[in-house]
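One structure is given below, encoded as structure tokens.
Numbers restart at 1 for each chain; the letters A, B, ... are given by sequence-line order, proteins then strands.
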There are 2 protein chains.
Amino acid sequence: MYEVFFQSLRSKVPFTDEELEQIRPYLTPKKLRKKQYLLQEGDVCKYACFVERGALRSYVVDDKGTERIVQFALEGWTIADLYSFITGEPSTYNIDALEDSELVLISKKAHEELLEKIPRYETYHRLQITGAYLALQRRLVSITNLSVEERYTSFMNLYPNIAQRVPQHMIASYMGLTPETLSRVRKKLIRS
Amino acid sequence: MYEVFFQSLRSKVPFTDEELEQIRPYLTPKKLRKKQYLLQEGDVCKYACFVERGALRSYVVDDKGTERIVQFALEGWTIADLYSFITGEPSTYNIDALEDSELVLISKKAHEELLEKIPRYETYHRLQITGAYLALQRRLVSITNLSVEERYTSFMNLYPNIAQRVPQHMIASYMGLTPETLSRVRKKLIRS
DNA sequence: CTTTTTCATTGATTTAGATCAATGCCATTT
DNA sequence: AAATGGCATTGATCTAAATCAATGAAAAAG
């Protein structure tokens, strides 16, 4: 169990085997069927969630009831509402499974103890956050600087695996477009 | 020297005085006059930059030559092109001073040594990145979920200090609007 | 003090993308 | 096999913001 997670740990920071065994008891496995929720708006985000298998998404719902996808997480990715996780405030996010999934959960208490006791865990976590920050920044620049066509092709190049597994209207939502607009963009790109 | 920076360190992590003195030699002071560049597109970002006094911005230039402001940094903030800083690749960002400024620079080498030698520095840096990540995420949600009016008022509430010191067209650029549109939005808000 | 330059505002027009509405296609369910 | 719901596509229309253009005011430079 936890193979993918341990592999991720190892690939970023040179953990010893003992360290990994120290980490193990802090983890909780969880399975989620497609469409089941990990977190619902209004609840406190009690776990950081590493995806071993499957696919999740986080999204917010606007006034008109439209879902806006904030993040996808395939295997090897981590997903949570970090703000709620850190502050303990109710979340404005929903997180649910797009496919049957196997997860590794880390509670806030576990996370804090790991940060304190295992310096390399802190390093791992720092690298993870840094990667997430850089990805977000790239996304922000792509939103403000690229045409919708460019954004779509850049998304497809960056995340071909997401594109294959996720329905198109969710990609539209992630890109901040309506499904109709994305459909027309695709048509235009295919023609050219 | 470095008062604001040391104050920032202390406020987030309980450094000892000795630790702070260990950090000091890794730092480089720098003054920048208004409009001078800290980083230009195509150069490698060699320093992470903490603002002691003054104001900086980072921006990218699109095909049409329009500047898109990515970030403002007033005193107490850190600014850099983290991607270029980490990877050593040429930057796509420009960073320049909006006012005469006093900075604390940390070279990549210094940063890496500090991360290794002073665990609390790693913790400080982790907390900084986490804060930056959360701010970016809030910004992304505000772009995709809020009307332009709401975004503007939320920006003004969140960063009244920036609004006071920075010309309006730069705020428009930061928000991804033309100056004309921002002007009209303001007019509308004042009337109501 | 005068001359530039930078900046904010306002108006007229254009345009990209949203919205509204309908159709057909799979894939499940029954 | 029929029925249902989720999904992508297409068309017609609407709208928010961009663009183009001009004016003034304020700030900086000479």
Side-chain angles (χ1 to χ4, degrees), chain A residues 33-36 55 57 59-69 72 96-100 142-156 162-192, chain B residues 33-36 54-55 57 59-69 72 94 96-100 142-156 162-192:
Chain A
R33 306 286 302 278
K34 185 173 176 170
K35 297 204 177 180
Q36 284 187 319
R57 63 165 179 171
Y59 64 96
V60 295
V61 181
D62 72 15
D63 329 323
K64 266 56 194 162
T66 315
E67 295 175 358
R68 300 288 191 170
I69 292 180
F72 294 109
D96 64 10
L98 300 176
E99 307 171 357
D100 295 352
S142 107
I143 287 178
T144 52
N145 269 279
L146 301 184
S147 71
V148 169
E149 281 87 354
E150 290 169 323
R151 263 155 69 196
Y152 177 69
T153 50
S154 119
F155 174 85
M156 296 299 280
I162 294 181
Q164 278 168 356
R165 285 161 67 175
V166 161
Q168 208 167 288
H169 72 274
M170 289 194 184
I171 293 172
S173 167
Y174 177 86
M175 293 180 55
L177 301 176
T178 59
E180 293 96 327
T181 298
L182 182 56
S183 172
R184 286 186 252 260
V185 166
R186 279 163 49 84
K187 194 180 173 186
K188 208 166 161 187
L189 286 172
I190 290 165
R191 267 197 280 106
S192 59
Chain B
R33 306 286 302 277
K34 186 172 176 171
K35 298 205 176 179
Q36 284 187 317
R57 63 167 178 170
Y59 65 95
V60 294
V61 181
D62 71 15
D63 329 323
K64 265 57 194 164
T66 316
E67 295 175 358
R68 299 288 192 172
I69 292 179
F72 293 110
N94 300 275
D96 64 10
L98 301 176
E99 306 171 358
D100 296 352
S142 107
I143 287 178
T144 52
N145 270 279
L146 301 183
S147 71
V148 170
E149 282 87 353
E150 290 168 321
R151 262 156 69 196
Y152 177 68
T153 51
S154 119
F155 174 85
M156 295 299 281
I162 294 180
Q164 279 167 356
R165 285 162 65 175
V166 160
Q168 209 167 287
H169 72 273
M170 288 193 185
I171 293 173
S173 166
Y174 177 86
M175 294 179 55
L177 301 176
T178 59
E180 293 95 327
T181 298
L182 182 56
S183 172
R184 287 185 251 260
V185 165
R186 278 164 49 84
K187 194 182 175 187
K188 209 166 160 185
L189 285 172
I190 289 165
R191 269 196 280 104
S192 60

How do A:E149 and B:P167 order along DNA chain C: which one's closest nucleotide is nearer the 5' end? B:P167

In terms of the nearest nucleotide of DNA chain D, which residue is placed more toward the 5' end: B:S147 or B:K35? B:S147

Check this one for me: any side-chain N or O of B:H169 less than 4.0 Å away from OP1 or OP2 of C:dT6? no

Taking atom P of C:dA18 as reference, at what distance in whole Å does atom CZ of A:R184 sit? 9 Å

Please classify the nucleic acid contact of A:L177 as base, sugar-phosphate, or nothing, using heavy-atom distances under 4.0 Å. sugar-phosphate

A:K187 NZ - C:dA16 P separation (whole Å): 16 Å

At under 4.0 Å, does any side-chain N or O of B:S183 touch on OP1 or OP2 of C:dA8? no

Heavy atoms, side chains only, cut-off 4.5 Å: are B:R184 and B:E180 in contact? yes

For A:L146 and C:dG17, what is the distance between atoms CG and C1' respectively, to the nearest whole Å? 17 Å

For the pair made of CD1 in A:I143 and P in C:dG17, what is the distance, rounded to whole Å? 13 Å

I'd like to know if B:D100 pairs up with B:K34 as an ion pair, taking the criterion as any Lys NZ or Arg NE/NH1/NH2 lying under 4.0 Å from an Asp or Glu carboxylate oxygen. no

I'd like to know if B:R186 reaches the base of C:dT10 with its side chain such that a donor and an acceptor end up less than 3.5 angstrom apart. no

Measure from CD1 on B:I190 to P on C:dT9 and round the result to the nearest Å. 7 Å

Carboxylate-amine/guanidinium proximity below 4.0 Å for B:R57 and B:D96: yes

From C:dA8, C:dT19, D:dA8, pick the nucleotide closest to the side chain of A:Q168? D:dA8

Side chains of B:L98 and B:M170, heavy atoms from C-beta outward: is any pair under 4.5 Å? yes

Less than 4.0 angstrom between a side-chain N/O of B:T178 and OP1 or OP2 of D:dA17, yes or no? no

Figure out the CD/P separation between A:E180 and C:dG17, and round it to whole Å. 14 Å

Length of the CG-P vector between A:L182 and D:dT10, whole Å: 12 Å

Write down the distance between NZ (B:K64) and C1' (D:dC20), rounded to a whole number of angstrom. 16 Å

Side chains of A:I190 and A:K187: closer than 4.5 Å at any heavy-atom pair? no

Tell me which of B:V185 and B:K34 sits closer to the 5' end of DNA chain D, going by the nucleotide each one is nearest to. B:V185

